[in-house]
Each structure stands twice: as C-alpha cells, then as structure tokens.
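We number each residue from 1, following the sequence as shown.
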Amino acid sequence: MMYVCPLCNKLGQKNYQCPTCLTSLEDCGRLMDYFDNYSPYLEIDGTKLVDGYPNDQKNHQCPHVFYCPNCLTEQVYLIDEIIF
C-alpha cells in the first residue's frame, strides 16, 4: 500500500479562502520544499520527520503552503494523502 498526496500528484485540488480577506488561496506546494535548495529532492517521509508537524507522517498528511495574492497571508494546511 502506498499513500500519495493528491495535490502533489495532480490528482485533485483543494480550495481554501483566506481567513483575513476571503480571497481564494493559491497552492504553493509542499512546505518541506521551502526548507533549502535540496529539499524538493529529498525523500518525502524523511522530511516529514523534521517539518514541525509531529503526526503528519503517521496520519498520512502532506503539509502544503497556501498563499493569498491579495493580502499576502500564508497558511499551511495538512492535506490527507490517498491510497494509490
């Protein structure tokens, strides 16, 4: 059994509104990809151990950064991974 993030793998999308101004948020990808220049190339389960979300690996969730182009707010949402 393999779990995959539907957003990372273009199998779906999530629509969230900015909590500040109610503008639609843009998905900017996995939180871990922003840690350093090599983060996008590291093994996903390994980076989940140090991403600041202690249960995302165990709960099969992928932290994604969402950005508001209107008021520049950033939010992190945990996206449930699906069995593939």
Side-chain angles (χ1 to χ4, degrees):
M1 209 172 0
M2 181 170 75
Y3 288 87
V4 297
C5 174
L7 300 186
C8 290
N9 292 284
K10 306 288 186 223
L11 298 173
Q13 62 182 17
K14 293 283 187 176
N15 298 310
Y16 295 107
Q17 288 185 322
C18 176
T20 304
C21 70
L22 302 179
T23 300
S24 290
L25 296 176
E26 298 175 2
D27 180 14
C28 294
R30 293 184 323 131
L31 172 68
M32 295 83 83
D33 290 350
Y34 292 94
F35 289 168
D36 66 33
N37 292 342
Y38 295 101
S39 294
Y41 307 105
L42 297 175
E43 196 263 323
I44 293 171
D45 284 336
T47 58
K48 284 184 178 183
L49 298 174
V50 295
D51 66 2
Y53 294 90
N55 294 315
D56 60 342
Q57 183 182 23
K58 179 178 76 170
N59 294 336
H60 304 288
Q61 296 173 315
C62 187
H64 271 249
V65 176
F66 284 81
Y67 172 76
C68 178
N70 185 49
C71 69
L72 311 181
T73 298
E74 289 183 358
Q75 290 282 123
V76 174
Y77 289 99
L78 295 173
I79 306 302
D80 291 327
E81 297 174 336
I82 57 175
I83 298 173
F84 194 73

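Residue pairs meeting the side chain to side chain donor-acceptor pair (under 3.5 Å) criterion with at least one partner in residues 70-80, sequence neighbours excluded, are Gln61-Asp80. A ring pair (Phe, Tyr, Trp, His ring centres under 6.0 Å) check over residues 22-51, counting only residues at least two apart or in different chains, returns nothing. Evaluation of the salt bridge (charged side-chain N to carboxylate O under 4.0 Å, His left out) test over residues 37-62, restricted to residues two or more places apart or in two chains, returns Lys48-Glu81. Applying the side chain to side chain donor-acceptor pair (under 3.5 Å) test to residues at least two apart or on different chains, the pairs with a partner in residues 21-30 are Asp27-His64, Arg30-Asp33. Counting only residues at least two apart or on different chains, no salt bridge (charged side-chain N to carboxylate O under 4.0 Å, His left out) pair has a member in residues 59-70.
Heavy-atom contacts from other residues, nucleotides or ligands closer than 6.0 Å to CD1 of Ile44 number 12 or fewer.
Using a 4.5 Å cut-off between side-chain heavy atoms of Ile, Leu, Val, Met, Phe, Trp and Tyr, with links allowed through other members, Met32 and Phe66 fall into different hydrophobic clusters.
One distance of note links OG1 of Thr47 with CG of Asp36; it measures 10.5 Å at 0.5 Å rounding. In this structure, Leu31 CG and Leu78 CG are separated by 9.0 Å, a value rounded to the nearest 0.5 Å.
Cluster partners of Leu72, by chain and number: Tyr67. The rule joins Ile, Leu, Val, Met, Phe, Trp and Tyr whenever side-chain heavy atoms lie under 4.5 Å apart.
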Considering only distance and modelled atom types, tabulate donor-acceptor pairs under 3.5 Å from the side chains of residues 2-21, sequence neighbours left out.
residue : atom : partner : partner atom : Å
Asn9    : ND2  : Cys5    : O            : 2.9

